[in-house]
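Quick notes on the structure that follows.
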Number of protein chains: 2
Amino acid sequence: MERLWSWDRPATVRDVLEDMTRRPPLAYTTVMTVMDNLHRKGLLLREKQGRAYLYRPTGSRESHTAELMGQAMVGASDRSGVLLRFVEQLSPEDLVALRELVADAGERPEADPQPPLA
Amino acid sequence: MERLWSWDRPATVRDVLEDMTRRPPLAYTTVMTVMDNLHRKGLLLREKQGRAYLYRPTGSRESHTAELMGQAMVGASDRSGVLLRFVEQLSPEDLVALRELVADAGERPEADPQPPLA
DNA sequence: AGGGGCTACGAAGCACGATCGTAGCCAAGG
DNA sequence: CCTTGGCTACGATCGTGCTTCGTAGCCCCT
């Protein structure tokens, strides 16, 4: 399913359908239903353009993954315990990245969350 | 389901069943099937004691949550991007805890992962 | 006005988990 | 020795959610 958001531009149902490579090609309505479900789940925004809808992701794939990670620890009583186990299983590269991130966070309380993306 | 691992001691099917409070009490076999599924999924260890099995959790609840969080970012291409979005949504308290954790990690390359728990 | 493309709605198939019943096993007690 | 009670193994049923798709209806363009 939603692994088709590699391209960062909005897409119509037909765009996605024609990009799909599948042994028996999926039906048009299948792709549409999936995108509609994603939209109902708040993962996709849509906007009417002519007679068709233009879909665009609500957030980046990274945001979504981070959202899932945060969701996994809601209701946890010992949050720092969870974080401890989490950093324990991180790779060294992840660890250095994380170290920089937690150091930066808080220094500039509010920086641009989304610079122009360049 | 598995919210019964608040107690840290191993338990038999009957222990769990008698601890359950549910409008229509669950059948004995229901609890057994659930615990067996958890065992098949590697979340529970079991050991025969007499004619019954003793079940104990494979890891702490914190380890399991951390495992899920790690699982959420497998296959992510931009891991530091994910971590960025993740720390962004953390509460200030979580942030200070995480800062300590990433600072400690690496200083003592291998400390006891499980001290006697005292 | 007609046709092509798009959406809305709902049905069928599939996978997974939860719930439970029945059958079989084994040890203890009469 | 045989019966009874507790436990496990196996499979049936049910509900839920996701996937796939077809049909019906709508609207713009020619």
Side-chain angles (χ1 to χ4, degrees), chain A residues 1-7 9-59 61 64-65 67-72 74-75, chain B residues 1-7 9-59 61 63-65 67-72 74-76:
Chain A
M1 195 164 162
E2 54 160 318
R3 46 280 292 179
L4 313 180
W5 303 149
S6 322
W7 29 359
R9 71 176 186 282
T12 67
V13 171
R14 182 146 303 272
D15 290 336
V16 175
L17 176 64
E18 297 188 344
D19 183 65
M20 293 282 277
T21 57
R22 196 93 160 228
R23 287 86 112 201
L26 285 182
Y28 184 96
T29 52
T30 302
V31 179
M32 203 194 77
T33 304
V34 170
M35 292 173 89
D36 193 52
N37 288 343
L38 262 352
H39 171 246
R40 291 180 69 259
K41 290 180 72 176
L43 296 173
L44 251 42
L45 291 176
R46 77 179 188 181
E47 166 192 8
K48 216 168 191 103
Q49 179 203 350
R51 46 194 170 290
Y53 279 120
L54 256 185
Y55 289 88
R56 69 177 60 226
T58 326
R61 193 196 307 251
H64 180 239
T65 304
E67 171 75 21
L68 289 182
M69 290 165 58
Q71 207 68 25
V74 304
Chain B
M1 194 161 162
E2 53 159 318
R3 51 277 292 178
L4 312 179
W5 302 150
S6 323
W7 28 359
R9 70 175 187 284
T12 67
V13 171
R14 183 147 301 273
D15 290 335
V16 175
L17 177 64
E18 298 189 344
D19 183 65
M20 292 282 279
T21 56
R22 196 94 161 228
R23 285 88 112 203
L26 285 183
Y28 184 97
T29 51
T30 302
V31 178
M32 201 194 77
T33 304
V34 170
M35 290 174 89
D36 193 52
N37 288 343
L38 263 351
H39 171 245
R40 290 180 72 258
K41 290 181 71 175
L43 296 174
L44 252 41
L45 291 176
R46 76 181 190 182
E47 166 191 7
K48 214 167 193 105
Q49 178 202 347
R51 46 195 169 290
Y53 279 119
L54 257 186
Y55 289 87
R56 70 177 60 226
T58 324
R61 194 196 306 252
S63 298
H64 179 239
T65 304
E67 172 73 21
L68 289 182
M69 291 165 58
Q71 207 67 27
V74 304

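Letters go in sequence order (proteins before strands), and every chain restarts at 1.
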- If you look at every strand shown and take non-hydrogen atoms under 4.0 Å, does B/R40 touch a base, only sugar-phosphate, or nothing? nothing

- Closest to the B/T30 side chain: C/dC20, D/dC18, D/dC21? C/dC20

- Item | 5' precedence on DNA chain C between B/K41 and B/L26 (nearest-nucleotide basis) | B/K41

- Message: Which residues pass the side-chain contact (heavy atoms from CB on, under 4.5 Å) test with A/R56, not counting sequence neighbours?
- Response: A/P10, A/L45, A/E47

- Item | From A/L38 atom CG to A/L44 atom CG, the distance as rounded to the nearest 0.5 Å | 5.0 Å

- Message: Run the side chain to side chain donor-acceptor pair (under 3.5 Å) test against A/K48 and tell me which residues pass, sequence neighbours left out.
- Response: A/Y53

- Could you check how far CE of A/M35 sits from C1' of D/dC18, rounded to whole Å? 17 Å

- Message: Nearest whole Å is fine: how far is C/dA27 C1' from B/Q49 CD?
- Response: 15 Å

Atom pairs, protein N/O to nucleotides 6-13 of chain C N/O, distance under 3.5 Å:
from  : atom 1 : to    : atom 2 : distance (Å)
C/dC6 : OP2    : A/R14 : NE     : 2.7
C/dC6 : OP2    : A/R14 : NH2    : 2.9
C/dC6 : O5'    : A/Y28 : OH     : 3.3
C/dT7 : OP1    : A/Y53 : N      : 3.0
C/dT7 : OP2    : A/Y28 : OH     : 3.2
C/dA8 : OP1    : A/R46 : NH2    : 3.2
C/dA8 : OP1    : A/Y53 : OH     : 3.4

For residues 21-37 of chain B, which side-chain N or O atoms pair as donor and acceptor with protein atoms under 3.5 Å away, sequence neighbours left out?
from  : atom 1 : to    : atom 2 : distance (Å)
B/T33 : OG1    : B/T29 : O      : 2.8
B/D36 : OD1    : B/R46 : NH1    : 3.1

- The residue, A/G50 or A/R22, whose nearest nucleotide of DNA chain D is more 5′ is A/R22

- Message: I need the CG-C1' distance between B/L17 and D/dG6, as an integer number of Å.
- Response: 13 Å

- Query: Roughly how far, to the nearest 0.5 Å, is the OG1 atom of B/T65 from the CZ atom of B/R61?
  - Reply: 7.5 Å

- Message: Whether the side chain of A/T12 engages the backbone of A/L54 through a donor-acceptor N/O pair (distance < 3.5 Å, no angle test) should be reported.
- Response: no

